[in-house]
Amino acid sequence: MPSEYIPVLIFAAMAASFPIIALVVFKFIRPDSTRVGAKLKPYECGIPPEGDTHGRYSVRFYIVAILFVIFDVETVFLFPWAVQYGLLGLYGLVTMLVFLGILLVGYVWLYKKGALEWV
Amino acid sequence: MSALLEFLKTYMWPLIFAVVIVAVLPLLAGYVVLMERKIMADMQARLGPMRVGPHGLLQPIADALKLLIKEDIIPENADKVVFWFAPVISVTAAMLAYSALAIGPFFQIAELNIGLLFIVAVSSMGIFGIILGGWASNSHYSLLGALRSTAQMISYETAAGLALVGGVLLAGSLSTREIVQAQHGGTWYVFVAPIGFFLYLVASIAETNRAPFDLPEAESELVAGYMTEYSGFRWAVYFLAEYANMIVVASIATTLFLGGWLRPFQGTPWMDFLDFFPPLCFLAVAGYCFYRTPKQPEPIQSMVMALFGGLCLLLAAAMALPFVPAFAASKPGLHGAFWFLLKVSLYIYSFMWIRFTFPRFRFDQLMKLGWYFMIPLSIVNVLGLGVYRVLRQLQWSRWPAFVLTTGGTLLVAIWLVWNAQKKAAAPSSVGDMTEAEG
């Protein structure tokens with residue numbers, strides 16, 4: 001079984017080496033970067049950049065990321081169920097209804113709390 | 001030495017396919033860009049690129065060469081190592097998804113039994129490239145673009161994954177090859193699960209950061225989003241990743257919903273004349289090229305045009321090869337690849353059509369659409385398809401089961417839209433106040 005993944009590994013190495021080789025080899029052809037004026041400063045529409053950017057940003061992004069984990073794990077649970085659905089039939093549908101029902105309660109709670117609200 | 005030979009013998013075809021994909025995919029992405037520019041020009045009543053080669057046919061190559069020799073700028077307060085590797089991660093993830101996709105029954109690097117899951121998992125690694133690139137640039141625009149992009153991609157990835165679950169439910173397998181074979185002789189899943197296909201279409205546009213969901217790159221607000229500090233070939237690598245991702249999502253949709261490499265009307269005998277379509281299609285393109293050859297303004301352009309026509313003739317000959325009895329075995333491989341790539345092109349064409357038709361969304365509208373509409377609807381869609389399969393097992397005929405489940409899902413969709421409109425009309429809504437301010 002794992003032998004199926006040998007071509008995948010080789011392909012991964014080739015796919016990664018394509019941009020790396022292009023970046024490294026063409027370094028010898030490219031003109032050297034000059035350090036004229038504010039060329040190496042980050043772009044901020046002409047004004048000098050204000051402070052470091054690795055500071056704080058909106059908490060909304062964290063909430064979206066956490067919600068993503070919940071719903072993506074749910075998707076991952078659904079995949080094996082979907083593959084075996086032909087064998088499970090009605091029983092599989094009912095069990096999944098229960099699982100999704102619990103999730104739906106959580107979704108409705110999030111909705112009422114306004115966690116999905118993007119301000 | 002003999003061990004190496006043995007290894008090469010075992011993995012000869014996968015290795016050849018890997019080399020072909022690594023060589024062709026960037027070129028293909030370049031030509032998708034040209035196709036996009038030409039279609040955009042056509043829809044806006046312009047000509048588009050016309051100078052480099054006849055009808056701009058050499059434009060992608062010229063662009064690639066220009067970008068390769070451009071000056072390389074790394075901002076001075078950027079995190080150099082992360083800045084260097086971020087685009088590489090993006091493009092590797094996008095290309096790696098191709099290792100499990102089957103372009104025709106023969107052309108596939110590795111037949112994995114978890115094919116589809118592997119593709120979804122690997123292609124979503126591209127998000128790392130985007131967020132790392134935006135963070136490493138140490139610029140406000142880059143960081144904001146990367147955060148937006150990540151929030152958008154993960155929001156719509158759930159919807160896309162759930163839409164795929166619907167297709168997997170019908171096929172009963174995750175292997176790309178088995179999914180296509182399950183559609184053989186039956187109906188393509190787009191006709192069984194039209195809502196699932198629609199959900200995947202919208203979610204895949206959002207996932208590839210394309211208009212109308214191209215907020216991470218909204219020029220009027222964020223300059224170029226996470227790519228603001230990237231220039232020259234690094235920028236080209238990001239660009240390549242974006243277009244390679246487009247080809248990947250189009251291939252997933254083709255495999256799961258549009259019957260993969262299967263010819264349309266496979267089960268209908270009187271439609272078998274469609275077998276002649278692949279060679280005739282290339283023959284027509286070649287004929288047009290030769291017709292245009294003497295009309296080119298420069299002799300060099302005429303030459304390139306004639307060369308292109310010759311290439312099309314060669315492809316037509318390759319597509320006609322299965323009609324020679326001695327090579328009849330090559331038919332599924334050659335024609336399969338043709339139909340697969342044709343469907344992928346049509347899907348990408350619909351992407352472009354949508355891009356040139358709709359205005360850009362606002363970010364809160366985008367998140368609203370994702371979390372209030374796409375995700376609930378895709379869950380209901382999965383359940384609807386589950387009911388469909390149970391009804392089919394209970395010996396219902398196809399149409400009543402289809403109308404009942406798809407109609408039910410559509411009703412839920414209408415209710416979701418109605419609910420959202422009611423909510424937007426309410427003056428106490430927080431989202432509405434910002435709307436009034438902005």
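Below, chains carry the letters A, B, ... as their sequence lines are ordered, and counting in each starts from 1.
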A.B. asks: Sort out for me which residue in Leu170(B), Val390(B), Val168(B) forms a side chain to side chain contact (heavy atoms under 4.5 Å, CB included) with Tyr85(A).
C.D. replies: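 Answer to the side chain to side chain contact (heavy atoms under 4.5 Å, CB included) test with Tyr85(A) among Leu170(B), Val390(B), Val168(B): Val390(B).
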A.B. asks: Select, from Val120(B), Val237(B), Ile109(B), Leu174(B), the one with the greatest count of heavy-atom pairs under 4.5 Å involving chain A.
C.D. replies: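 The residue among Val120(B), Val237(B), Ile109(B), Leu174(B) with the greatest pair count is Ile109(B).
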A.B. asks: Would you sort out whether Phe61(A) and Ile154(B) count as a side chain to side chain contact (heavy atoms under 4.5 Å, CB included), showing the intermediate values?
C.D. replies: CA-CA 11 Å; Phe61(A) 292 108; Ile154(B) 61 180; over 6 Å; no
A.B. asks: Verify ring pair (Phe, Tyr, Trp, His ring centres under 6.0 Å) between Phe71(A) and Trp371(B), making sure each step is shown before the conclusion.
C.D. replies: CA-CA 11 Å; Phe71(A) 282 94; Trp371(B) 287 100; 5.6 Å; yes
A.B. asks: Begin from the C-alpha positions of Phe77(A) and Val165(B) and carry the test side chain to side chain contact (heavy atoms under 4.5 Å, CB included) through to its verdict.
C.D. replies: CA-CA 10 Å; Phe77(A) 276 134; Val165(B) 168; over 6 Å; no
A.B. asks: What part of Ile29(A) gets closer than 4.5 Å to chain B, counting heavy atoms only: side chain, backbone, both or neither?
C.D. replies: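 For Ile29(A), the contact with chain B is made by the side chain alone.
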A.B. asks: For Leu90(A), is it the side chain, the backbone, both or neither that has a heavy atom under 4.5 Å from a heavy atom of chain B?
C.D. replies: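 Both backbone and side chain.
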A.B. asks: Would you indicate whether the side-chain heavy atoms of Ser155(B) and Val64(A) approach each other to under 4.5 Å?
C.D. replies: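 Answer yes - side chains close enough.
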A.B. asks: Can you confirm whether Tyr111(A) sits close enough to Tyr372(B) that some side-chain heavy atom of one is under 4.5 Å from a side-chain heavy atom of the other?
C.D. replies: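 Yes, their side chains come closer than 4.5 Å.
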A.B. asks: Highest number of heavy-atom pairs under 4.5 Å with chain A: which of Leu383(B), Leu240(B), Val91(B)?
C.D. replies: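 Option with the greatest count: Leu383(B).
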A.B. asks: Which atoms of Leu117(B) come close to chain A, meaning under 4.5 Å heavy atom to heavy atom: side chain ones, backbone ones, both, or neither?
C.D. replies: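 Only the side chain of Leu117(B) comes within 4.5 Å of chain A.
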A.B. asks: Heavy-atom cut-off 4.5 Å, strictly under: side chain, backbone, both or neither for Glu71(B) against chain A?
C.D. replies: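 Contact with chain A is through both the backbone and side chain of Glu71(B).
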A.B. asks: Please give me the minimum heavy-atom distance between Ala12(A) and Thr92(B), naming the atom from each residue.
C.D. replies: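 Result for this residue pair: O-CG2, 4.1 Å.
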A.B. asks: Examine whether an atom of Ile6(A) lies under 4.5 Å from a heavy atom of chain B, and if so say whether it belongs to the side chain, the backbone or both; otherwise answer neither.
C.D. replies: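 For Ile6(A), side-chain heavy atoms alone lie under 4.5 Å from chain B.
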A.B. asks: Please determine, among Pro75(B), Gly370(B), Gly172(B), the option with the most heavy-atom pairs under 4.5 Å with chain A.
C.D. replies: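 Between Pro75(B), Gly370(B), Gly172(B), the count favours Gly172(B).
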A.B. asks: Tell me, for Leu93(A) versus chain B, whether the close heavy atoms (under 4.5 Å) come from the side chain, the backbone, both or neither.
C.D. replies: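 The side chain, not the backbone.
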A.B. asks: Closest heavy-atom contact between Pro26(B) and Phe18(A)?
C.D. replies: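 Closest approach of Pro26(B) to Phe18(A), heavy atoms only: CG-CZ, 3.7 Å.
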A.B. asks: State, with a plain yes or no, whether a side-chain heavy atom of Leu162(B) is found less than 4.5 Å away from one of Glu74(A).
C.D. replies: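 A side-chain contact exists here, since the closest heavy-atom pair is under 4.5 Å.
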A.B. asks: Evaluate the side-chain proximity of Trp81(A) to Val382(B): yes if any heavy-atom separation is below 4.5 Å, no if none is.
C.D. replies: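 With C-beta onward as the side chain, the pair touches.
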A.B. asks: Any idea which of Ile375(B), Leu116(B), Val19(B), Thr158(B) has the most non-hydrogen atom pairs under 4.5 angstrom with chain A?
C.D. replies: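 Winner by heavy-atom pair count: Thr158(B).
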